[in-house]
Amino acid sequence: FCSVNNKDSHIHVQNVQLLVNGELNKKPILCFDKIDIIIEVMLNISLQDIIISMVVKNSDKEIVFMSEINDDDDGVNPESSGLYKIKTFIPNPLLKPSKYSLTIGTNSQSMGQLNHFEDIIYFEIIDINTNRDQRPGFIYQKITWSVEKVSY
């Protein structure tokens with residue numbers, strides 16, 4: 001749970017929550033747990049071109065991935081003034097076991113960057129009884145392998 005307050009801006013983040021399998025502050029986070037992000041934003045004026053972004057970085061401050069609300073083609077952006085609850089998620093398994101931080105940004109293409117909240121939440125993903133955390137790379141995405149015997 002992290003509370004942010006920047007009421008002088010046209011849009012400000014009031015609260016960010018990380019839910020693990022529907023629970024706040026669940027630890028440890030396992031690599032197959034469901035991770036939801038809840039972002040509460042207040043629009044003080046009507047804005048037609050808001051971009052809300054989420055950046056996940058590893059403990060070396062390298063960007064592992066970024067997502068923006070505009071990535072969703074359903075036109076879910078808030079536009080008129082008011083308080084909004086925005087929900088998104090980190091698909092799992094995606095992140096390999098390690099420590100991460102979450103950065104939230106709010107932006108308007110016509111007005112420039114409005115707010116940027118660096119490393120607003122820290123979290124750690126672990127895996128039990130494997131060595132996935134020792135693998136190179138940033139992500140762990142389970143993929144399907146198939147084997148077909150072609151001769152005897």
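FYI, the numbering just counts along the sequence from 1. Owing to the predicted nature of the structure, the values given are computational and were not obtained by experimental measurement.
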Checking side-chain contact (heavy atoms from CB on, under 4.5 Å) for the pair Asp36/Phe89: CA distance, chi angles, key distance, verdict? CA-CA 4 Å; Asp36 292 307; Phe89 67 99; 3.5 Å; yes
If you measure from [atom1] on [X] to [atom2] on [Y], what distance do you get to the nearest 0.5 Å?
| X | Y | atom1 | atom2 | answer |
| --- | --- | --- | --- | --- |
| Gln17 | Ile39 | CD | CD1 | 11.0 Å |
| Ile104 | Ser53 | CD1 | OG | 7.0 Å |
| Ile29 | Glu23 | CD1 | CD | 11.0 Å |
| Ile37 | Leu19 | CD1 | CG | 8.0 Å |
| Tyr100 | Leu95 | OH | CG | 4.5 Å |
| Ile139 | Phe65 | CD1 | CZ | 10.0 Å |

What heavy-atom pair brings Asp127 and Pro97 nearest, and what distance separates the two atoms? CB-CG, 3.5 Å
Please name all residues satisfying side chain to side chain donor-acceptor pair (under 3.5 Å) with Lys85, sequence neighbours left out, ordered by chain then number. none
Spell out, yes or no, whether [X] and [Y] are grouped together once hydrophobic residues are joined by side-chain heavy atoms under 4.5 Å, including indirect joins.
| X | Y | result |
| --- | --- | --- |
| Ile120 | Ile69 | yes |
| Ile52 | Val56 | yes |
| Met42 | Met54 | no |
| Ile51 | Val13 | no |
| Val55 | Phe117 | no |

Taking Leu43 as the fixed residue, which of Thr106, Leu83, Ile50 is the one that meets the side-chain contact (heavy atoms from CB on, under 4.5 Å) rule? Ile50
Between Leu18 and Ile35, does the side-chain contact (heavy atoms from CB on, under 4.5 Å) criterion hold? Intermediate values first, please. CA-CA 7 Å; Leu18 187 135; Ile35 301 175; 4.0 Å; yes
Go through the steps for Phe123 and Ile90 under the test side-chain contact (heavy atoms from CB on, under 4.5 Å), then give the verdict. CA-CA 12 Å; Phe123 61 100; Ile90 299 172; 4.0 Å; yes
Under a 3.5 Å threshold, yes or no: a donor from one side chain and an acceptor from the other, between Asp33 and Asn21? yes
Derivation of the salt bridge (charged side-chain N to carboxylate O under 4.0 Å, His left out) call for Asp119 and Lys57: CA-CA 8 Å; Asp119 303 329; Lys57 293 184 286 185; 3.1 Å; yes
Hey, is the main chain of Asp60 close enough, under 3.5 Å, to the side chain of Asn58 for a donor-acceptor pair? yes
Using side-chain contact (heavy atoms from CB on, under 4.5 Å), reason through Ile126 and Leu30 one step at a time and then give a plain yes or no. CA-CA 5 Å; Ile126 67 168; Leu30 302 178; 3.6 Å; yes
For Lys61, is the NZ atom crowded, meaning more than 12 foreign heavy atoms sit under 6.0 Å from it? yes
